[in-house]
Each structure stands twice: as structure tokens, then as C-alpha cells.
J.: 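There's a structure below that I have some questions on.
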Amino acid sequence: MIKPMILINNANTDAAASFWVESVTRFLTEELRGGKRVRYKDRNETTTLYTTRIAKYEALYNDKCQDIIGVSEEDKEGIWIKIKRFLEDPKCLKGSRSLCDEWAVWHDTNLSNLQLKKIVGEIFVSIYDGVSNAISNYDQVANHYDGSEKENDSKTVAYRVFEILKLRTCPYCNRHYTFTLHSKKGEFKTRPEFDHFYDKSTYPMLAVTFFNLVPSCKECNHGKGTKEVGVNPYFTDFKSKFILVKTLEEGEQKVMNINEILNISKEEDFNVDFKLPQEDAIKTAEEKNMKTLGLRPLYNMHKDYVMEIVEKVAAYDVLTRGGITDRFQGLYHSETEVFNLIFGRYLSDAEQPNRPLSKLTADILTQLQIRTTP
């Protein structure tokens, strides 16, 4: 089951992950076509040609590590061996919750030297940029994962990944559409952005791990930057619920009851907040998302939308009591159809990722006891 804010792990996710892993592997190890080779000019201005990019990166690493003081040659060699094994392991390129956490700890323990971390960062950011922006020439591979039989129209690997995922709204905030569109002639294109859950400057090796790449809207990606959030959309859904509250004279927040909500007349009468889960670990993680992504102030910018929901609730009560299904001569055959007419579709947990602000709508309707089923 998909849930916005945040779970995006679904049938398409594994297909997108497999395509990403295969693309990274091909980028690093496939012998370049047409006799072309990658070049690397070392500190002595000596240019060497390599048939695979991973061989080039090894030369770059060894060359630049000569300037590092305070790290033994044995440790330098051991870290490269770890890097090479990481890049050759599909499990590392795909990732998992435990694996991402383990590699984050490994970075903290083994890449404390800033010069060394910078070198590793140059390598992995170069790989990430190279794979993301590479034209997906693997027609059969791409078509296999996205189920398409159409002719390849020279899309980048990143575009292919987003097309396979079929994500419609940002999983961090559920406030923006994240459509992926690329016209055949390249006249217009749009897609989500990849946010690195573990930021690539602090944890460079995770820059190429699929489950560390969260497709997000521009606001969330740039707002988060290198700061931490606690909930990775691939692994955990967002359990906090939107609620409407009012501020008391003492400055405390009080959850509004139904009558208080229905009597809202202006935006100053209420605030949008969250009802947090009871478990301390989950609460702490979700609070990180709220703070880092600015979810509270951002959702309080939607008070006009909330007031429309409240108005619709009042209208819904009048219409259902007035027997709208009878009045419109069979046009509406059930209360569900009336509900969808007034509040819109995509309010079930499984459908909420299809439309922005759908979680906010569903949670407020639940607080008003209009919507009681998931």
C-alpha cells in the first residue's frame, strides 16, 4: 500500500531500482564503444587511457591520495578496496534501510580525514552525475522495466527512473505534483529532483545508492539541503496526522472540536498542526522531517484551502440530509458519489499520492468525523 508523507515503496520501485543498478554498473564497467577510452591526467601531467571508468577512478584516487598526510598507506588502500567492492555489489548500489544506515556509520568511522572524504566525494559525485545525465541507450533494458514498447527517444537515465516510478506527488510534503514529462523533440521537459536522504557531502558513497535517492519537489530538495530528516520515504510511511488547533491565551495549542471548526470564519481562528504518534523513536524521526522541511509553516500557508474544506463539510451535511441522490433524478446513485463530488477523489491511503494536499484533506475530514475509513 502506498501512502504519501511518505511511503513510496511499491511495485514500480523495485523495477526502478533494478534499472538504476544496471545503469550504474554499465557506466562503470562496460567497455566503451567505438574504441573510445576515458582519460585521466595525473599530477605529473601524464595522460593515461582506460577502457573502463572504474579503472580511471582508481587511478584518480591513488594519485590524489599522495597529498594526504595523517592517513597510512595501508588505510588508503583499504578504503579503495572498500570503495571498489561497494561499486561492484548490486546490493550496495540498490540499498536497504539497514545497509544505508550501516554505510552511514562506516563513513563516520573511516572517513574522518577531510581530504580523504573530499577525494571520495569527487569520485562518487562524478559517478552520480554521470549516470543521472547519461543518455539511456539500453533500449531493451529500459523498455523491460517501464513496460513500454515505444522507440527510445534519448532520455537520460534519471528521466527513465522517474518514468518507471510513476510518482505523481512529492513524498516528502504531498504539496506539489512531480510529473515526469519529456517531449520527443526535447521542446519541453520536467521531472522531480533527487534528494540524497544521507547527503552526499557527508556520506559520498551513498550518492549512488538508489534507496538513498528520494524523488522530491524542488522546494523540499533545496529546503532540506544537507540537513537531516528522520523518515526515508522508501522505508517508512508518515504516521502523524494533520489536525486543526487554536492558540489559547497562555500560548498553548488546543485541538479544536467539531463545533469550533465549523464556526471558523477567518484564518486567524486556527492553525494547522500535527497529531504525533506515541512511540518516541517515530515521533523524533517525524519531527525532524517537520522541522527540516518546514511542514508546519508551509501547511499553514494553505489555510484558505482548509476553510474551503470546512465550508464543504457544512454543505455536505445539508445535501445529504436533503436527499441529493433523489433530487438529481438518478445522476448520483450513492452517498459515495455525493462525497466524491464535494470533496474529490484520491482520499484513501492508497490513492493519496496521486493528488497534492490529499492527506491534509483526508485527515481534516477524519477530525470532523466525515471520513472514518482508510
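Here the structure is a predicted model, which is why all the values come from computation and not from measurement.
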J.: For the pair R53 (side chain) and V38 (backbone), establish whether a donor and an acceptor sit closer than 3.5 Å, ignoring hydrogens and angles.
T.: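 Pair absent, no side-chain N/O of R53 close to backbone of V38.
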J.: Taking C-beta and beyond as the side chain, do T202 and T226 meet within less than 4.5 Å on heavy atoms?
T.: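 The answer is no; the side chains never approach within 4.5 Å.
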J.: How close do D363 and S240 get, heavy atom to heavy atom, and via which atoms?
T.: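 Closest approach of D363 to S240: OD2-O, 4.4 Å.
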J.: Given 3.5 Å as the limit, does a donor-acceptor pair link the side chain of N174 with the main chain of K359, or not?
T.: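 Looks like yes, one N/O pair under 3.5 Å.
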J.: Please give me the minimum heavy-atom distance between I69 and Q115, naming the atom from each residue.
T.: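 That closest heavy-atom pairing would be N-OE1, 4.1 Å.
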J.: Is it the case that over 12 heavy atoms from other parts of the model lie below 6.0 angstrom from the CD atom of Q278?
T.: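 No, because the 6.0 Å sphere around CD of Q278 holds 12 heavy atoms or fewer from other groups.
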J.: Output yes when a side-chain donor or acceptor of T209 lies under 3.5 Å from a complementary backbone atom of C92, and no otherwise.
T.: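 Confirmed, T209 side chain pairs with C92 backbone.
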J.: Should I243 and Y299 be counted in the same cluster of Ile, Leu, Val, Met, Phe, Trp and Tyr side chains packed under 4.5 Å apart?
T.: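 Different clusters: I243 never reaches Y299 through Ile, Leu, Val, Met, Phe, Trp or Tyr contacts under 4.5 Å.
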J.: Please list all pairs passing the salt bridge (charged side-chain N to carboxylate O under 4.0 Å, His left out) test where one or both residues lie in residues 124-135, with sequence neighbours left out.
T.: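 Residue pairs with at least one partner in residues 124-135: there are none.
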J.: Tell me if a side-chain donor or acceptor on T292 pairs with a main-chain N or O of E228 at a distance below 3.5 Å.
T.: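 It does hold such a pair.
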J.: Check salt bridge (charged side-chain N to carboxylate O under 4.0 Å, His left out) between K291 and all other residues, then give those that pass, not counting sequence neighbours.
T.: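 Not a single residue meets the salt bridge (charged side-chain N to carboxylate O under 4.0 Å, His left out) criterion with K291.
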J.: Say you draw a straight line from CZ of R191 to CD of E193; how long is it, rounded to the nearest 0.5 Å?
T.: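 Those atoms lie 7.0 Å apart.
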J.: Could you tell me whether E22 and R26 have a side-chain N and a carboxylate O separated by less than 4.0 Å?
T.: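 Answer for the salt bridge query: yes.
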J.: Parallel, tilted or perpendicular: which one describes the rings of W103 and H107, with boundaries at 30° and 60°?
T.: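 Answer is perpendicular, since the angle exceeds 60°.
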J.: Does the D89 side chain pair with the main chain of R85, one donor and one acceptor, at a distance under 3.5 Å?
T.: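 Such a contact is absent between D89 side chain and R85 backbone.
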J.: Is the shortest side-chain N to carboxylate O distance from D273 to R296 below 4.0 Å?
T.: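 So D273 pairs with R296 through a salt bridge.
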J.: Tell me whether the count of non-hydrogen atoms from other residues, nucleotides or ligands lying under 6.0 Å of CD in E77 goes above 12.
T.: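 No.
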J.: Under a 3.5 Å distance rule, please check whether T46 uses its side chain to pair with a backbone N or O of D42 as donor and acceptor.
T.: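 Here the side-chain-to-backbone pair does not exist.
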J.: Considering all heavy atoms of both residues, which atom of T156 and which atom of S132 are nearest to each other, and what is their separation?
T.: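 Where T156 meets S132 most closely, the heavy atoms are CB-O, 3.4 Å.
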J.: Using modelled atom types only, decide if a donor and an acceptor are shared between the side chain of N221 and the backbone of S216 within a distance under 3.5 Å.
T.: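 No, because the side chain of N221 does not come within donor-acceptor range (under 3.5 Å) of the backbone of S216.
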J.: Going from CD1 on I364 to CG on L244, what distance comes out if it is rounded to the nearest 0.5 angstrom?
T.: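 Reported to 0.5 Å precision, the distance equals 4.5 Å.
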J.: Would you list the pairs meeting salt bridge (charged side-chain N to carboxylate O under 4.0 Å, His left out) in which at least one residue belongs to residues 195-215, sequence neighbours left out?
T.: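 Residue pairs passing salt bridge (charged side-chain N to carboxylate O under 4.0 Å, His left out), neighbours aside: D195-K224.
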J.: When rounded to the nearest 0.5 angstrom, what distance separates CG in D304 from CE in M307?
T.: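 D304 atom CG to M307 atom CE measures 8.5 Å (nearest 0.5 Å).
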J.: Apply ring pair (Phe, Tyr, Trp, His ring centres under 6.0 Å) to H196 and list each qualifying residue two or more places apart in sequence or on a separate chain.
T.: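 Testing H196 for ring pair (Phe, Tyr, Trp, His ring centres under 6.0 Å), a comparison that skips the adjacent residues, returns Y128.
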J.: Does the side chain of F343 reach to within under 4.5 Å of the side chain of V313, using non-hydrogen atoms?
T.: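 Side chain of F343 against side chain of V313, heavy atoms only: contact under 4.5 Å found.
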J.: May I ask you to check whether F211 and F235 place their ring centres under 6.0 Å from each other?
T.: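 Under 6.0 Å, so yes.
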J.: Nearest 0.5 angstrom please: R168 CZ to S358 OG, how far?
T.: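 Those atoms lie 11.0 Å apart.
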J.: Tell me whether L114 at atom CG has more than 12 heavy atoms from other residues, nucleotides or ligands lying less than 6.0 Å away.
T.: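 Counting neighbours around CG of L114, 12 or fewer heavy atoms of other residues, nucleotides or ligands fall under 6.0 Å, so no.
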J.: Got a second to check how far I258's CD1 is from N263's CG, nearest 0.5 Å?
T.: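 Nearest 0.5 Å value for the CD1-CG distance: 12.0 Å.
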J.: So, taking the atom named CD1 in I261 and the one named CZ in F270, what distance separates them when rounded to the nearest 0.5 Å?
T.: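 Spacing of CD1 (I261) from CZ (F270) equals 9.5 Å.
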J.: If you define the side chain from C-beta out and look only at heavy atoms, does anything of F274 sit under 4.5 Å from V245?
T.: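 The answer is no, as the side chains (C-beta and beyond) never meet within the 4.5 Å cut-off.
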J.: So does K84 get a backbone contact from the side chain of Y57, meaning a donor-acceptor N/O pair under 3.5 Å?
T.: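 Side chain of Y57 to backbone of K84, a donor-acceptor pair under 3.5 Å: no, none is there.
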J.: If you apply the rule side-chain contact (heavy atoms from CB on, under 4.5 Å), what do you find for K239 with D237, and how did you get there?
T.: CA-CA 6 Å; K239 293 179 171 52; D237 62 317; 3.0 Å; yes
J.: Between V157 and F19, is there a side-chain heavy-atom distance shorter than 4.5 Å?
T.: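 Yes; the side chains approach each other to less than 4.5 Å.
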J.: In this structure, would V125 and W106 fall into the same cluster of hydrophobic residues linked by side-chain contacts under 4.5 Å?
T.: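 No, it is not one cluster - the side chains of V125 and W106 are not joined through contacts under 4.5 Å.
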J.: Checking H302 against V272 for the side-chain contact (heavy atoms from CB on, under 4.5 Å) test, could you report, in this order, the C-alpha distance in whole Å, the side-chain angles of both residues, the deciding distance, and whether it holds?
T.: CA-CA 9 Å; H302 293 293; V272 180; over 6 Å; no
J.: Can you label the angle between the W20 ring and the F210 ring as parallel, tilted or perpendicular, going by 30° and 60°?
T.: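 Judged by the thresholds at 30° and 60°, the geometry between W20 and F210 is tilted.
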J.: With side chain to side chain donor-acceptor pair (under 3.5 Å) as the test, would you mind laying out the steps for Y198 and D101 before giving the verdict?
T.: CA-CA 9 Å; Y198 283 109; D101 291 345; 2.6 Å; yes
J.: Going by side-chain heavy atoms closer than 4.5 Å, which hydrophobic residues are tied to V105, directly or by a chain of links?
T.: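 Answer for V105: none, a lone residue.
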J.: Locate the shortest heavy-atom distance separating F242 from Q367; write the atom from each residue and the value.
T.: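 Scanning both residues, the minimum pair turns out to be O-OE1, 4.4 Å.
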J.: Do F197 and L206 have side-chain heavy atoms sitting under 4.5 Å apart?
T.: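 They are not in contact (no side-chain heavy atoms under 4.5 Å apart), so the answer is no.
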J.: Using 30° and 60° as the class limits, which term best fits the ring planes of F162 and F194: parallel, tilted or perpendicular?
T.: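 Ring orientation of F162 relative to F194: tilted.
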J.: Are L28 and V161 connected, step by step, through hydrophobic side chains (Ile, Leu, Val, Met, Phe, Trp, Tyr) whose heavy atoms are closer than 4.5 Å?
T.: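 They do share one cluster, since a chain of ILVMFWY contacts under 4.5 Å joins L28 to V161.
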J.: Do K241 and T366 come within less than 4.5 Å of each other through their side chains, counting heavy atoms only?
T.: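 The answer is no, as the side chains (C-beta and beyond) never meet within the 4.5 Å cut-off.
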J.: Please walk me through it: do T247 and E252 pass side chain to side chain donor-acceptor pair (under 3.5 Å)?
T.: CA-CA 6 Å; T247 304; E252 296 180 356; over 6 Å; no
J.: In this structure, which one of L111, N110, N113 forms a side-chain contact (heavy atoms from CB on, under 4.5 Å) with V120?
T.: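 Of L111, N110, N113, side-chain contact (heavy atoms from CB on, under 4.5 Å) with V120 is met by L111 alone.
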J.: Applying salt bridge (charged side-chain N to carboxylate O under 4.0 Å, His left out), run through E219 and R175 and close with a yes or a no.
T.: CA-CA 10 Å; E219 274 189 33; R175 293 177 60 247; 3.1 Å; yes
J.: Under a 4.5 Å cut-off applied to non-hydrogen side-chain atoms, are L165 and T13 in contact?
T.: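 A side-chain contact exists here, since the closest heavy-atom pair is under 4.5 Å.
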J.: Looking only at heavy atoms, what is the nearest atom pair of R345 and R355, with distance?
T.: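 Heavy atoms only, the tightest pair is N-NH1, 4.3 Å.
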J.: Using the rule that Ile, Leu, Val, Met, Phe, Trp and Tyr join whenever any side-chain heavy atoms are under 4.5 Å apart, tell me whether L295 and I282 fall into a single cluster.
T.: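 They do not share one cluster, since no chain of ILVMFWY contacts under 4.5 Å joins L295 to I282.
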J.: Quick check: closest heavy atoms across K303 and E267, and the distance to 0.1 Å?
T.: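 Scanning both residues, the minimum pair turns out to be NZ-O, 3.1 Å.
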J.: Just wondering, do Y346 and Q352 contact through their side chains at under 4.5 Å, heavy atoms?
T.: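 No. Closest side-chain heavy atoms not under 4.5 Å.
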J.: Answer yes or no: is there a donor N or O on one side and an acceptor on the other, between the side chain of D63 and the main chain of A59, under 3.5 Å?
T.: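 No.
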J.: When you look at NZ of K76, are more than 12 heavy atoms from neighbouring residues, nucleotides or ligands closer to it than 6.0 Å?
T.: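 Enclosed: over 12 neighbouring heavy atoms sit under 6.0 Å from NZ of K76.
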J.: Do Y172 and M301 sit in the same hydrophobic cluster, where Ile, Leu, Val, Met, Phe, Trp and Tyr count as joined when their side-chain heavy atoms come under 4.5 Å apart?
T.: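 They do not share one cluster, since no chain of ILVMFWY contacts under 4.5 Å joins Y172 to M301.
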J.: Taking only residues two or more places apart in sequence, or in another chain, which ones meet K254 in a salt bridge (charged side-chain N to carboxylate O under 4.0 Å, His left out)?
T.: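 Testing K254 for salt bridge (charged side-chain N to carboxylate O under 4.0 Å, His left out), a comparison that skips the adjacent residues, returns E260.
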